[in-house]
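Inspection log for the structure reproduced underneath, given as structure tokens.
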Amino acid sequence: SVSAEGLFVGRLGADQFAVLAQVEGAQVDAFLARAEEAVRQPIHAGGGQLQLTAAFGAARFPDDGAGSQDLLKQAEIALKEAKRRSADRRVFFHPRFLEAQRRQQRLEAEFREGLERGEFGAVFQPKVRLETGEVVGAEALARWRRPGGDIVSPGVFIPIAEELGLISRLGVSVMRDACFAAARWRAEGRSCRIAVNVSPHQFDDPDFVGQVETALRDSGLPAELLELEITETAAVSDPERVARIMWPLRSQGVRLAIDDFGTGHSNLTSITRLPFDVIKIDQQFIRALASDPHAPAIVEMILAMAETMGQETVAEGVETREQADFLLRRNCTIGQGYHYSPPLPPEEFDVFLRSWRAPSHRFAA
């Protein structure tokens with residue numbers, strides 16, 4: 001560690017440091033603010049400039065702990081809280097964080113147990129071809145159904161899966177569920193393409209291609225009926241790598257969709273380098289069609305670009321007939337959203353498929 005006028009700095013891990021400082025009560029926040037400002041100072045290296053950010057967790061002696069181990073533990077708890085925040089990333093320990101940590105630890109343990117017990121599965125949201133009204137596919141979405149029947153939101157368990165390093169295992173489970181369901185629909189004479197979300201962590205798994213191939217082989221689903229969705233941000237971060245990973249799957253017929261399109265910061269050059277078949281327009285633009293004067297122009301621009309590139313388009317979050325009409329008039333290919341159906345458990349989706357009747361006229365509702 002380094003010592004200077006009562007200040008001690010030590011490295012705890014790859015990107016974690018501890019500071020021991022003799023600072024009077026009201027001055028602690030000002031001290032952390034100066035430390036944060038120091039971290040933010042640009043670093044010039046290799047002809048470029050690096051900009052760092054940091055989160056700070058602090059504990060006070062003797063209020064938060066009488067010994068070094070207690071203080072360090074409480075500071076780490078405060079640091080975890082700071083990392084969860086998008087702003088105000090200087091956090092002082094508070095006893096309520098202990099209860100929050102205990103709840104989080106219980107949830108993490110229950111997540112592991114639920115994964116072992118098979119509590120995670122896929123629900124399916126239909127995709128409707130706007131021109132004809134036929135159901136042409138579905139998106140598989142992960143759900144956690146607890147033993148008592150309670151459903152846990154993906155917004156809760158997906159971050160846990162990522163933090164525990166289990167997102168790939170969860171993704172494989174949902175993919176297998178989706179492939180087996182789509183294979184069953186096909187055997188019953190209702191051929192639907194199934195779309196499955198792939199997280200960046202799954203893409204990093206060296207066994208990813210093999211996992212997809214195994215799911216297809218075990219389920220008997222033809223590769224051309226599987227569509228993998230990756231976010232625009234993840235796709236454009238390394239287009240060559242995406243192309244390299246996807247090549248063996250695309251050569252078998254698996255399709256690639258760019259999800260949440262319009263929310264990233266990609267340019268046309270990076271997009272054209274990606275080996276994709278489908279653009280999914282982010283739902284925020286669809287929902288804003290009637291309220292944001294810029295949204296229609298953005299959607300029209302995306303649709304025009306996709307048409308020029310010969311790509312299929314899927315509009316997420318379609319909730320009204322007016323939105324569906326707007327998209328149809330501008331040659332969007334597929335609509336997906338609560339206007340047609342919410343995500344459904346497998347047995348309810350089977351009923352939906354059997355009962356759906358597309359109108360004979362040009363479809364716009």
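Side-chain atoms are counted along with the backbone in the values below, which use heavy atoms only and exclude waters and symmetry mates.
- Remark: Glu307 engages no residue in a side chain to side chain donor-acceptor pair (under 3.5 Å) (not counting sequence neighbours).
- Between Ala55 and Lys83 the shortest heavy-atom distance is CB-CG, 4.0 Å.
- Ion pairing between a basic and an acidic side chain is recognised when a charged N comes within 4.0 Å of a carboxylate O; Lys127 and Glu229 show such pairing.
- Every ring-ring contact (aromatic ring centres under 6.0 Å, His included) that Phe208 has, sequence neighbours left out, goes to Phe203.
- The list of salt bridge (charged side-chain N to carboxylate O under 4.0 Å, His left out) pairs with a residue in residues 331-348, not counting sequence neighbours, is empty.
- Ring centroids of Phe261 and Phe285 are separated by 6.0 Å or more, keeping the two rings apart.
- Every pair passing salt bridge (charged side-chain N to carboxylate O under 4.0 Å, His left out) that includes a residue from residues 239-248 is listed here, sequence neighbours excluded: Asp204-Arg241, Glu240-Arg273.
- With respect to the salt-bridge test (charged N to carboxylate O, under 4.0 angstrom), the residues Arg102 and Glu99 qualify.
- Rounded to the nearest 0.5 angstrom, Gln323 CD and Cys332 SG are separated by 11.5 Å.
- Contacts classified as ring pair (Phe, Tyr, Trp, His ring centres under 6.0 Å) and involving residues 210-259 (residues at least two apart or in different chains) are not found.
- In terms of the side chain to side chain contact (heavy atoms under 4.5 Å, CB included) criterion, residue partners of Gln101 (sequence neighbours excluded) are, by chain and number, Ile77, Lys80, Leu98, Gln105.
- Legend: salt bridge (charged side-chain N to carboxylate O under 4.0 Å, His left out) pairs involving residues 40-56, not counting sequence neighbours, sorted by first then second residue: Glu36-Arg40.
- Considering only residues two or more places apart in sequence or on other chains, Asp205 meets the salt bridge (Lys or Arg N to Asp or Glu O under 4.0 Å) condition with none of them.
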Pairs of donor and acceptor atoms involving the side chains of residues 147-166, under 3.5 Å and at least two apart or interchain, shall be tabulated with distances.
| from | atom 1 | to | atom 2 | distance (Å) |
| --- | --- | --- | --- | --- |
| Ser153 | OG | Gly155 | N | 3.0 |

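- Asn197 and Glu139 share a side-chain donor-acceptor pair at under 3.5 Å.
- Nearest heavy-atom pair, Ala18 versus Leu72, reported as atom, atom and distance to 0.1 Å: CB-CD1, 4.4 Å.
- With sequence neighbours excluded, no residue satisfies salt bridge (Lys or Arg N to Asp or Glu O under 4.0 Å) with Arg89.
- Counting non-hydrogen atoms of neighbouring residues, nucleotides and ligands closer than 6.0 angstrom, the CZ atom of Arg145 reaches no more than 12 such neighbours.
- Evaluation of the salt bridge (Lys or Arg N to Asp or Glu O under 4.0 Å) rule for Asp207 yields no partner, not counting sequence neighbours.
- Side-chain polar atoms of Gln41 and Glu37 form a donor-acceptor pair below 3.5 angstrom.
- When the side chain to side chain contact (heavy atoms under 4.5 Å, CB included) test is applied to Ala235, the partners found at least two apart in sequence or on another chain are Ile230, Ile258, Leu274.
- The pair Glu113-Arg117 meets the salt-bridge criterion, with a side-chain N (NZ, NE, NH1 or NH2) lying under 4.0 Å from an Asp/Glu carboxylate O.
- Residues Ala234 and Pro200 share a closest heavy-atom pair of CB-CG, 3.9 Å.
- Note on Arg190 versus Glu188: salt bridge recorded, some NZ/NE/NH1/NH2 to OD/OE distance being below 4.0 Å.
- In this structure, Asp350 pairs ionically with Arg184, as a charged nitrogen and a carboxylate oxygen lie closer than 4.0 Å.
- A salt bridge is absent between Lys280 and Glu232: the closest approach of a Lys/Arg side-chain nitrogen to an acidic carboxylate oxygen does not fall below 4.0 angstrom.
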